[in-house]
Amino acid sequence: MKEDSPVLYPNEKVGERVCSYAKAHTTGIPQYIHEYHEHIRQTMPETSMYMVSLSQAQALSFLTRTFGATRILEVGVYVGLSCLVWSHAVGPEGKITGLEFDSAFADQARETLQKYGVDNVEVITGDALQTLPALAPSEPYDMVFIDAQKSGYPHYLKQILEGSKPGAPNRILRKGGLIVADNILRCGFVADDSEDNPWRKHDFGPHRPEYWKSDDIKALKAYNELATAEERLENWLCPLWDGVSMSRLLD
């Protein structure tokens, strides 16, 4: 069935092979990004899942270039992998601003950017709930990528909308700009937190008991409801990876 098929591929092995085939037939990203991704995966296994996957990096790079974005705001930098992707996608004349709460992650991101000679990315350290509304860009961004603390998602969206009103000086996002929110389905819990979801049995660690009914999941649901109800947004929720929401801002 082509229409709303609940299972993309018949089993995990076929799914892996199809994904590998798709990755091989998609425009690639530079080798140094592959190498840095693997380096973080090997040296920081406890947090490396904060990175986007390489296939998602390909997709985001393609989206950036197709959309013609040259100015990107990233909420949640981690150690800079996605900043490398954005920088490559927009080219040397583009501009990336990254907001990162953790100072150690932010420092590592800056060191990595310097190592690879990337000079069109600025990383701002601090809580995005404070640093985001304090932004006063000389030109509005073309795209905002949200991949930070999940409980903050609806607040980030409200701040972006508030800071991007028609005619406002130093607006955050331009008319027709995109808001891309990662992990928006969170293991499917946002859409289905019933016992049918096998991720309920997964151990997310002692700091995340019964994760399917956590504040993270509630916040992501709130984000989706807010985006859907907002008249200034057109939305597409893509059920790939961990769920990616794309919203186009209207004036």
Side-chain angles (χ1 to χ4, degrees), residues 26-27 29 51-53 55-78 81-91 93-100 120-122 124 128 131-133 135-150 152-168 170-186 190 219-220 222-251:
T26 298
T27 301
I29 49 180
M51 295 187 295
V52 297
S53 68
S55 61
Q56 188 174 358
Q58 288 177 303
L60 293 174
S61 180
F62 182 83
L63 173 65
T64 301
R65 292 183 167 186
T66 302
F67 183 60
T70 60
R71 295 175 57 81
I72 296 177
L73 171 64
E74 179 171 69
V75 183
V77 168
Y78 183 43
L81 185 283
S82 49
C83 284
L84 294 178
V85 175
W86 298 125
S87 176
H88 167 69
V90 303
E93 301 303 317
K95 169 70 176 178
I96 313 299
T97 302
L99 310 181
E100 175 53 51
N120 63 347
V121 178
E122 177 189 15
I124 300 172
T131 57
L132 176 56
L135 290 173
S138 57
E139 298 179 52
Y141 294 101
D142 300 305
M143 185 187 304
V144 181
F145 182 61
I146 304 175
D147 188 14
Q149 174 57 41
K150 308 313 166 191
Y153 271 42
H155 305 290
Y156 305 144
L157 180 57
K158 290 176 183 177
Q159 291 172 340
I160 293 166
L161 292 171
E162 179 65 25
S164 305
K165 291 182 177 179
N170 305 113
R171 63 183 287 171
I172 295 173
L173 185 65
R174 69 166 173 82
K175 175 184 177 181
L178 291 181
I179 304 170
V180 181
D182 202 11
N183 310 117
I184 205 66
L185 293 176
R186 210 54 167 169
V190 172
L220 293 173
Y223 179 99
N224 290 332
E225 294 302 320
L226 178 62
T228 302
E230 175 56 55
E231 294 182 353
R232 296 177 62 204
L233 295 180
E234 292 180 337
N235 306 291
W236 177 46
L237 203 163
C238 173
L240 297 180
W241 302 295
D242 201 22
V244 180
S245 171
M246 299 185 191
S247 301
R248 188 169 76 97
L249 179 65
L250 310 176
D251 272 359

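Numbers here are sequence positions counted from 1. The figures that follow rest on heavy atoms only: side chains count, while hydrogens, waters and symmetry mates do not. Bear in mind the structure is a predicted one, so any value in this text is a computation, not a measurement.
Interatomic distance, Gln159 CD to Glu162 CD, rounded to the nearest 0.5 Å: 9.5 Å. Tyr153 contributes atom OH, which lies 6.5 Å from atom CG of Leu220 (distance to the nearest 0.5 angstrom). The distance from atom SG of Cys238 to atom CE of Met246, rounded to the nearest 0.5 Å, is 6.0 Å. Atom OG1 of Thr228 and atom CG of Asn235 lie 5.5 Å apart (nearest 0.5 Å). One distance of note links CG of Leu99 with OH of Tyr156; it measures 9.0 Å at 0.5 Å rounding. Arg186 contributes atom CZ, which lies 5.5 Å from atom CG of Asp242 (distance to the nearest 0.5 angstrom).
Here the closest non-hydrogen pair linking Pro239 and Leu185 is CA-CD1, 3.9 Å. Between Ile172 and Ile160, the closest heavy-atom pair is CD1-CA, 4.3 Å. The nearest pair of heavy atoms linking Val121 to Ser87 is CG2-CB, 4.1 Å. Across every non-hydrogen atom of Arg232 and Pro166, the tightest pair is NH2-CD, 3.8 Å. When all heavy atoms of Leu249 and Leu161 are compared, the closest pair comes out as CD1-CD2, 3.9 Å. Across all their heavy atoms, Tyr141 and Ile72 have their closest contact at CD2-C, 3.6 Å.
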Where do Asn224 and Leu237 land on the side chain to side chain contact (heavy atoms under 4.5 Å, CB included) test, with the steps shown first? CA-CA 9 Å; Asn224 290 332; Leu237 203 163; 3.9 Å; yes
Mind running side chain to side chain contact (heavy atoms under 4.5 Å, CB included) on Thr64 and Met143 for me, showing each step along the way? CA-CA 8 Å; Thr64 301; Met143 185 187 304; 4.0 Å; yes
Worked verdict on Gln56 versus Asp182 for side chain to side chain donor-acceptor pair (under 3.5 Å): CA-CA 10 Å; Gln56 188 174 358; Asp182 202 11; 3.1 Å; yes
Output, in order, the C-alpha distance, side-chain angles, deciding distance and verdict of side chain to side chain contact (heavy atoms under 4.5 Å, CB included) for Leu135 and Leu73. CA-CA 10 Å; Leu135 290 173; Leu73 171 64; 3.8 Å; yes
Show your reasoning for whether side chain to side chain contact (heavy atoms under 4.5 Å, CB included) applies to Leu157 and Ile179. CA-CA 8 Å; Leu157 180 57; Ile179 304 170; 3.8 Å; yes
Derivation of the side chain to side chain donor-acceptor pair (under 3.5 Å) call for Glu234 and Ser247: CA-CA 5 Å; Glu234 292 180 337; Ser247 301; over 6 Å; no
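For the pairing with Asp142, the salt bridge (charged side-chain N to carboxylate O under 4.0 Å, His left out) check across Arg248, Arg174, Arg65, Arg71 returns one residue only, Arg174.
Side-chain N/O atoms of Tyr223 and Ser245 include no donor and acceptor closer than 3.5 Å. For the residue pair Gln58/Thr27, the side-chain donor-acceptor check at 3.5 Å is not satisfied. A donor-acceptor contact under 3.5 angstrom links the side chains of Ser55 and Trp241, judged on distance only.
Formation of a donor-acceptor pair under 3.5 Å by the Ser164 side chain with backbone atoms of Leu173 is found in this model. Under a 3.5 Å cut-off, the side chain of Lys150 and the backbone N or O of Ala148 do form a donor-acceptor pair. Without hydrogens or angle criteria, Asp147 side chain to Glu74 main chain gives no donor-acceptor distance under 3.5 Å. At distances below 3.5 Å, at least one donor-acceptor pair connects side-chain atoms of Glu100 with backbone N or O atoms of Val77.
Using a 4.5 Å heavy-atom threshold, the side chains of Trp86 and Leu60 count as touching. Between Val190 and Ile184, every side-chain heavy-atom pair lies at or beyond the 4.5 Å cut-off.
A salt bridge does not link Lys95 to Glu139: none of the charged side-chain nitrogens sits closer than 4.0 Å to a carboxylate oxygen.
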